[in-house]
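Structure record follows, encoded as structure tokens.
No hydrogens, no waters, no symmetry mates; every other heavy atom, side chains included, goes into these values. To find a chain, count down the sequence lines: A is the first, B the second, and so on, and within it residues start at 1.
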There are 2 protein chains.
Amino acid sequence: MVQSSKKIQGVPEPTIRRMPSYLAFAEGLLRKGQQFVSSTQIANYMNIDPTQVTKDLSYTTIVGKTRVGYEVKALVDVLSEFLGFTIMDNAFLVGAGSLGSALLHDSGLSHFGLNIVAAFDVNSSTIGKKFNDIEVFHIDQFRDLSQEMNVVMGIITVPAENAQTVADLMVAWGIKAIWNFTPARIKVPEDIIVQNTTLYSNLAIIFNKLHNDRKEVL
Amino acid sequence: MVQSSKKIQGVPEPTIRRMPSYLAFAEGLLRKGQQFVSSTQIANYMNIDPTQVTKDLSYTTIVGKTRVGYEVKALVDVLSEFLGFTIMDNAFLVGAGSLGSALLHDSGLSHFGLNIVAAFDVNSSTIGKKFNDIEVFHIDQFRDLSQEMNVVMGIITVPAENAQTVADLMVAWGIKAIWNFTPARIKVPEDIIVQNTTLYSNLAIIFNKLHNDRKEVL
DNA sequence: TTCCATTAAAGAAAAATTTCTCTAATGATT
DNA sequence: AATCATTAGAGAAATTTTTCTTTAATGGAA
């Protein structure tokens, strides 16, 4: 079988997943005024192996000093830059329902390099409303607005059964990356980046552990 | 180094992550009236290897029929059950800010076995409000309400720097599992289940691919 | 009925990721 | 100044996860 999204020997995804936590930790230390942080200290905080930390950080440009560690300020800068949180990308969100409007409210996203410029829906009761200064338009206006604004990312927060339709629409109007919050798996051309984020998967993982513990206590 | 959360030879996490998508697919087929589905068909939908599907499903009780596949209805039932979506668990949410209130609005969660019974915050402007019929209390009332209600899960949606404080509080009042939406890593006793869900990690993965593509076009 | 194509399932092989081991460097202590 | 303890970093080993291979079963076509 042909692999659909071949990794071009990039940074391992688990590494990228850990980095925002390194960043959060470093930001905390910066606030506290700590100047240096060792890989051991970061590892303790993360509950992982110290060598994992140095390996992860070796993908960035930062270098640590023996017996001292990494400079906290530099770590914050390097990680923010590396994770793409310093570049602003414009995004459209489709599906201004419960989860969608939630994301619109989350001004945190704008601190991490994501600028949602408009939202779309088919539900007439939400169209015309504004969440956090982001207006909700009818999906039919998607085409016109795509051309006006420089939008690279599409966020899908519609019901799972409509995910593919929305994805097709996004691809048709030139979107480069899709952040899919539905459990549905969408089909798109090879060059489109897709990130599936299913909150319910995380829930399933918790339940699995929780309900297992109930059965076999050991 | 001692592994903090030793897996007791359970189901691989990547498997559990894929299952909600299998479920969504099966539910779609059920709506369309399809009776059987082959591992090949599921694999096509998921863009993964068919043997991955059979291996994943082998962790459940379902067995497929040669040359026919899995019964769709049974698949839906078995997966819902397996993922813990049929058992209702009560949860508290702490931090009714942008992301927190978003989750409160997401009635989807209740369809997946999670019942958020109350929310807490320190911000007086949100206290007393109701989102989706869930009331926001002052964090000081956490103790009293924990005892009244049978709450097994705590959801943390406060700013990263307050995550540990909230986690300590949850542990103190008998919560079994914590769903942590902050990039901060919290320290809890061994027997407490922690699931970290950092939206910004997913964002970082997209940016990584997106910005890399901009540089090295190949 | 007989054969064929398709399928689930089990086990082996490969790939990816994490952990372990070792080395060199250097700030702190004596 | 000399020694020691701690650290980053590189590479090897182990583990985990995915993919490949093989086998057995069986519904449908000839």
Side-chain angles (χ1 to χ4, degrees), chain A residues 1-19 21-22 26 29 34-72 74-75 78-79 185 201 205 208, chain B residues 1-19 21-22 26 29 34-72 74-75 78-79 185 201 205 208:
Chain A
M1 162 164 286
V2 179
Q3 180 99 359
S4 55
S5 63
K6 197 81 197 158
K7 228 177 281 175
I8 317 145
Q9 263 322 75
V11 183
E13 216 172 277
T15 295
I16 300 179
R17 283 190 190 285
R18 282 185 291 267
M19 285 182 170
S21 293
Y22 297 161
L29 295 178
Q34 188 175 320
Q35 256 202 309
F36 289 92
V37 59
S38 71
S39 63
T40 314
Q41 200 181 351
I42 300 175
N44 266 0
Y45 168 75
M46 296 285 292
N47 275 312
I48 58 173
D49 200 275
T51 55
Q52 184 76 76
V53 175
T54 59
K55 187 150 284 184
D56 285 347
L57 292 180
S58 74
Y59 289 104
T60 73
T61 55
I62 204 165
V63 280
K65 266 194 197 166
T66 301
R67 255 192 87 78
V68 176
Y70 303 90
E71 207 205 323
V72 174
L75 194 57
V78 164
L79 283 175
R185 294 303 170 97
S201 291
I205 292 169
N208 184 259
Chain B
M1 161 165 286
V2 180
Q3 180 98 1
S4 56
S5 64
K6 197 79 201 159
K7 226 176 280 176
I8 317 143
Q9 265 319 79
V11 184
E13 220 174 273
T15 295
I16 300 179
R17 283 190 190 284
R18 282 187 290 267
M19 282 181 171
S21 293
Y22 298 161
L29 295 178
Q34 188 175 319
Q35 256 203 310
F36 288 92
V37 59
S38 70
S39 63
T40 313
Q41 200 181 353
I42 300 174
N44 266 358
Y45 169 73
M46 296 284 293
N47 275 312
I48 59 173
D49 200 276
T51 56
Q52 184 77 77
V53 176
T54 59
K55 189 150 282 183
D56 285 346
L57 292 180
S58 73
Y59 290 103
T60 72
T61 54
I62 204 165
V63 280
K65 266 194 197 165
T66 300
R67 254 191 86 77
V68 174
Y70 302 91
E71 207 205 324
V72 174
L75 193 58
V78 164
L79 283 175
R185 295 302 170 99
S201 291
I205 292 169
N208 184 260

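Among the atoms of the strands shown, only primed sugar atoms or phosphate atoms (P, OP1, OP2) are found under 4.0 Å from some heavy atom of Arg18(A). Using a 4.0 Å heavy-atom cutoff across all strands shown, Thr40(A) reaches sugar-phosphate atoms only and no base atom.
Counting heavy atoms from C-beta outward, Gln52(B) and Arg18(B) have side chains that approach closer than 4.5 Å. A 4.5 Å side-chain heavy-atom check between Leu75(B) and Leu57(B) finds at least one atom pair inside the cut-off.
How far CG of Leu79(A) is from OH of Tyr22(A): 9.0 Å, rounded to the nearest 0.5 Å. With values rounded to the nearest 0.5 angstrom, Ile62(B) atom CD1 is found 12.5 Å from Thr54(B) atom OG1. Considering CD1 of Ile48(B) and OG of Ser39(B), their distance stands at 10.0 Å, rounded to 0.5 Å. If you take CZ on Arg185(B) and CG on Asn47(A), they are separated by 9.0 Å, rounding to the nearest 0.5 Å.
The listed nucleotides are dG27(C), dT18(D), dT17(C); the one nearest the side chain of Val68(A) is dG27(C).
Of the residues in residues 59-67 of chain A, those placing a heavy atom less than 4.0 Å from an atom of DNA chain C are Thr66(A), Arg67(A), in numerical order.
Between the CD atom of Glu13(B) and the P atom of dT17(D) there is a distance of 8 Å, rounded to whole Å. Distance CG (Asp49(B)) to C1' (dT21(D)): 11 Å, rounded to an integer number of Å. Atom CD1 of Ile48(A) and atom P of dT19(C) are 8 Å apart (whole Å). For the pair Tyr70(B) OH and dT7(C) C1', the interatomic distance rounds to 9 Å; values are reported in whole Å. As a whole-Å value, the separation of Gln41(A) CD from dT6(D) C1' is 13 Å. Here the P atom of nucleotide dT17(D) and the CZ atom of Arg17(B) are 11 Å apart, to the nearest Å. Atoms CG (Asn47(B)) and P (dT19(D)) sit 11 Å apart, rounded to a whole Å. We find that CD of Gln52(A) is positioned 16 Å from P of dT15(D), with the value rounded to whole Å.
Within 6.0 Å of atom CD in Gln34(B), more than 12 heavy atoms from other residues, nucleotides or ligands are found, so the atom counts as buried in its surroundings.
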Distances under 3.5 Å between protein N/O atoms and the N/O atoms of nucleotides 10-13 of chain D, please, pair by pair.
from: dG11(D); atom 1: O6; to: Lys55(A); atom 2: NZ; distance (Å): 3.2
from: dA12(D); atom 1: N6; to: Lys55(A); atom 2: NZ; distance (Å): 3.4

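Closest heavy-atom contact between Val72(A) and Ala26(A): CG1-O, 3.4 Å.
With sequence neighbours excluded, no residue forms a side chain to side chain donor-acceptor pair (under 3.5 Å) with Arg67(B).
In terms of position on DNA chain C, the residue among Thr15(A) and Leu57(B) whose nearest nucleotide sits closer to the 5' end is Leu57(B).
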